[in-house]
Amino acid sequence: MLMKEKKIRVAGILFILLFTSLLTACGAGSGGEKDRVACLYGVNQPIQGSYDEDHAVKCRNGTFVGLAEEGVVSFKGIPYAEPPVGERRWKAPVPAADRDGLFEAYYYGCAPIQTEWPSEPGSYYPQSEDCLRLNIWVNEKNDSEAKPVMVFFHGGSYGWGSTADPMYDGHDLVHKYDDLILVTVEFRAGILGFIDLSSVEGGQDYHESGNLGLLDQKCALEWVRDNIAAFGGDPDNVTICGESSGAGSVSLLPLMEGTQGLFRRVIAESGSVALTYSREECQNLTEMLLAETGCATMEELTGLSEEELKSVNEKLNDYNNFPERDGIILPEDLYGAYREGGADGIDLLIGTNADEVKYWVWEMGYTVPVLPGRLTYALAVPVMYENNERRFSEDEKADAQAFLAMQSGSQTEKLSEFYNETLFRIPAMQQAAFHAERGNRTYAYYWTYPCADERIGACHAVELAYVFNHPEVTIYTGDHYNEALADAVQEMWVNFARTGDPSTDRYKWAPYDSTKRNTMVLGADIHMESDIKAAQRKAIGPLLHHYFNGNYMQMSFNVPQTYRIAGLLAAVIAVIIALSLYVGKRRKR
């Protein structure tokens, strides 16, 4: 038994070398990217004396002065809540107090605390606990009142991301659509935004800590409701939108108490209620935080300095939680909440990309820089599948095998499609079906237009540059940007925000329902299809109650693939040793 456990540990260590983040090797990222983001930094100051009155807006918590460029006025770094520091750390946000005063709104607020990472350029922006700020773009050439408002929540696995990411700059979209107001929101992430501390001594006052980032978002929406009219926006026509974990957020916000009336519509790109954790899954990070800090009580945790938290986060960011199905802030049965009308009255536009999980081919090239991302991905994905399969009943195993039998290509390709469907598309379509069955206006899309890298195709996040009108931000698209598709998608998204119907003069978008399942395919050819990949949906459907969420950091290494990897590494090492001995002998001769 001890020998078996030792083998498991050795195999696990070998696997970790392939799969976990070697942050010291790759966390610094591109110097050019760091410089490009860091140069955006500045600190908004109170204004004394004269100021630009034409670009000043009086809000509940002060008068903020923005900057104009090409007719678009940006207001950056406006606080919507009191700083969540000191006694407010790990507590629900406190709305920004009413106050007078005149302030610059020239610079983004700080990013939430996170590990720097190449695919998250916003992580290179200065970080702080004091990060609860929002940004607004308004086109001053259109002085009409009651403009539709889009409020965007960025992605980043609930542990990364920042509004300072150049991808999320709202200038170009608002310049193109002068009747639109765009808002982007910073919220707590990682160990400060999503960690269940209720089990820690003194944690009875921290029962909401598992979902603080969502509560921040709600607080920001309350600020928008109370102040956006001063910018020319319509507080009764707010669309919340997000990508990845941001799409998960906007899928969850309608189910939270007190959010009713804060928004009218939802756009969810590549995320759904599936991207959540159970209470049990959330305990892992809590235990790791206590072990890493040596703290045993909330008093000790709240006494940590910000610098100590940043250091701890460097070690724990890979293990960050998703929102917690805690039965307090969120229902434990999220699909059931949609089925029972928890989001009634909200228009929903939701969709996913054809090759979502191949994004991690690229990510794993950063994670393990000594190996190509494609190889690391191919070695790692079976480990995740073998872990997930352990949770299946015999019938569910048969369903999964039937699904895999439908696929062509290598085992890696088959498993990629399994996770495209279980992590992203099928949960989103189930959420859409339940919402539509309640009589709510619902639309679905399927993005097929690829990035320039054929290895990852239409991967996760590839649509962002299209939505934000940023052809120059090539981090996901490469040089494969389709202007016609961008024009169509932007008009669809803006029309939905205006009216609740994404149809355009050229493209009629039929609503989604659980019978026809009409879906807009967004690719080189834009068209409607009914019930895309119906057989795959039917095979995967029975598995959704497992809430697949990509929680790879809590996987067991005691699976066959781990031993295959260990064997492969051992074989490679043996060949290297043999070649070295052979070369050595030849030289001696």
Side-chain angles (χ1 to χ4, degrees), residues 43-46 56-66 73-86 88-113 122 125-138 149-154 161-165 168 170 181-189 192-194 208 211-236 238-242 246 249-250 252-253 256 258-263 329:
V43 179
N44 291 320
Q45 301 292 339
V57 176
K58 182 173 176 54
C59 300
R60 183 170 47 78
N61 55 322
T63 296
F64 298 94
V65 181
V73 187
S74 63
F75 301 84
K76 296 176 181 175
I78 298 176
Y80 64 84
E82 295 299 306
V85 300
R88 298 192 187 98
R89 180 187 288 171
W90 287 308
K91 292 286 188 70
V94 176
D98 292 355
R99 56 173 61 94
D100 294 321
L102 187 64
F103 305 96
E104 295 174 345
Y106 305 159
Y107 305 104
Y108 296 106
C110 287
I113 291 175
Y125 199 73
Q127 302 172 14
S128 174
E129 283 187 90
D130 182 6
C131 63
L132 303 185
R133 305 286 198 277
L134 54 76
N135 318 292
I136 303 171
W137 286 266
V138 182
V149 181
M150 294 178 73
V151 180
F152 182 83
F153 300 107
H154 62 73
S162 166
T163 60
D165 187 329
Y168 308 134
I181 290 180
L182 180 67
V183 181
T184 61
V185 177
E186 208 66 272
F187 50 93
R188 284 173 284 183
L192 287 165
F194 297 94
E208 298 172 317
N211 289 302
L212 292 175
L214 294 179
L215 293 175
D216 293 343
Q217 294 169 7
K218 175 189 171 188
C219 187
L221 290 168
E222 291 170 340
W223 188 98
V224 169
R225 176 197 61 199
D226 295 342
N227 295 281
I228 203 64
F231 295 84
D234 183 355
D236 295 321
V238 173
T239 298
I240 59 172
C241 40
S249 295
V250 300
L252 298 170
L253 281 163
M256 292 169 54
T259 61
Q260 293 69 33
L262 295 179
F263 50 88
I329 304 301

Hey, could you give me the [atom1]/[atom2] distance between [X] and [Y], rounded to the nearest 0.5 Å?
X	Y	atom1	atom2	result
Lys76	Asn44	NZ	CG	10.0 Å
Phe153	Ile240	CZ	CD1	6.0 Å
Gln217	Leu212	CD	CG	11.5 Å

Of all residues at least two apart in sequence or in a different chain, which pass the ring-ring contact (aromatic ring centres under 6.0 Å, His included) check with Phe263?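 With sequence neighbours excluded, Phe263 shows a ring-ring contact (aromatic ring centres under 6.0 Å, His included) to no residue whatsoever.
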Write down the atom of [X], the atom of [Y], and the distance for their closest heavy-atom approach.
X	Y	result
Ala220	Leu134	O-CD2, 4.2 Å
Asp130	Pro84	CA-CD, 4.2 Å
Ala56	Val65	CB-CG2, 3.8 Å
Ala96	Pro79	CB-O, 3.9 Å
Leu253	Thr259	O-OG1, 2.7 Å
Met150	Cys241	CE-SG, 3.9 Å

Around atom CG of Asp100, are there more than 12 heavy atoms from other residues, nucleotides or ligands closer than 6.0 Å?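 Counting other residues, nucleotides and ligands, CG of Asp100 stays at 12 neighbours or fewer.
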Side chain proximity check, [X] to [Y], heavy atoms < 4.5 angstrom:
X	Y	result
Leu252	Asn211	no
Thr184	Trp137	yes
Glu186	Asn135	no
Leu192	Trp90	yes
Ser162	Tyr168	no
Leu214	Phe194	yes
Asp165	His154	no

Show me the pairs that pass salt bridge (Lys or Arg N to Asp or Glu O under 4.0 Å) and involve residues 215-229, at least two apart or across chains.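 As it turns out, the salt bridge (Lys or Arg N to Asp or Glu O under 4.0 Å) pairs with a partner in residues 215-229, which skip direct neighbours, are Arg60-Asp226, Arg188-Asp216.
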May I ask you to decide if the ring planes of Phe231 and Phe75 are parallel, tilted or perpendicular, using 30° and 60° as cut-offs?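 Aromatic pair Phe231/Phe75 classed perpendicular.
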For the pair Ile136 and Phe64, evaluate side-chain contact (heavy atoms from CB on, under 4.5 Å) and give the outcome as yes or no after the intermediate values. CA-CA 11 Å; Ile136 303 171; Phe64 298 94; over 6 Å; no
Could you walk me through whether Phe187 and Cys219 pass side-chain contact (heavy atoms from CB on, under 4.5 Å), step by step? CA-CA 10 Å; Phe187 50 93; Cys219 187; over 6 Å; no
Among Leu221, Ile228, Leu262, which one satisfies side-chain contact (heavy atoms from CB on, under 4.5 Å) with Pro235?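 Option passing the side-chain contact (heavy atoms from CB on, under 4.5 Å) with Pro235: Ile228.
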Let me have the donor-acceptor pairs involving side chains of residues 102-113, under 3.5 Å, with sequence neighbours excluded, atom names and distances please.
residue : atom : partner : partner atom : Å
Glu104  : OE1  : Gln45   : N            : 2.9

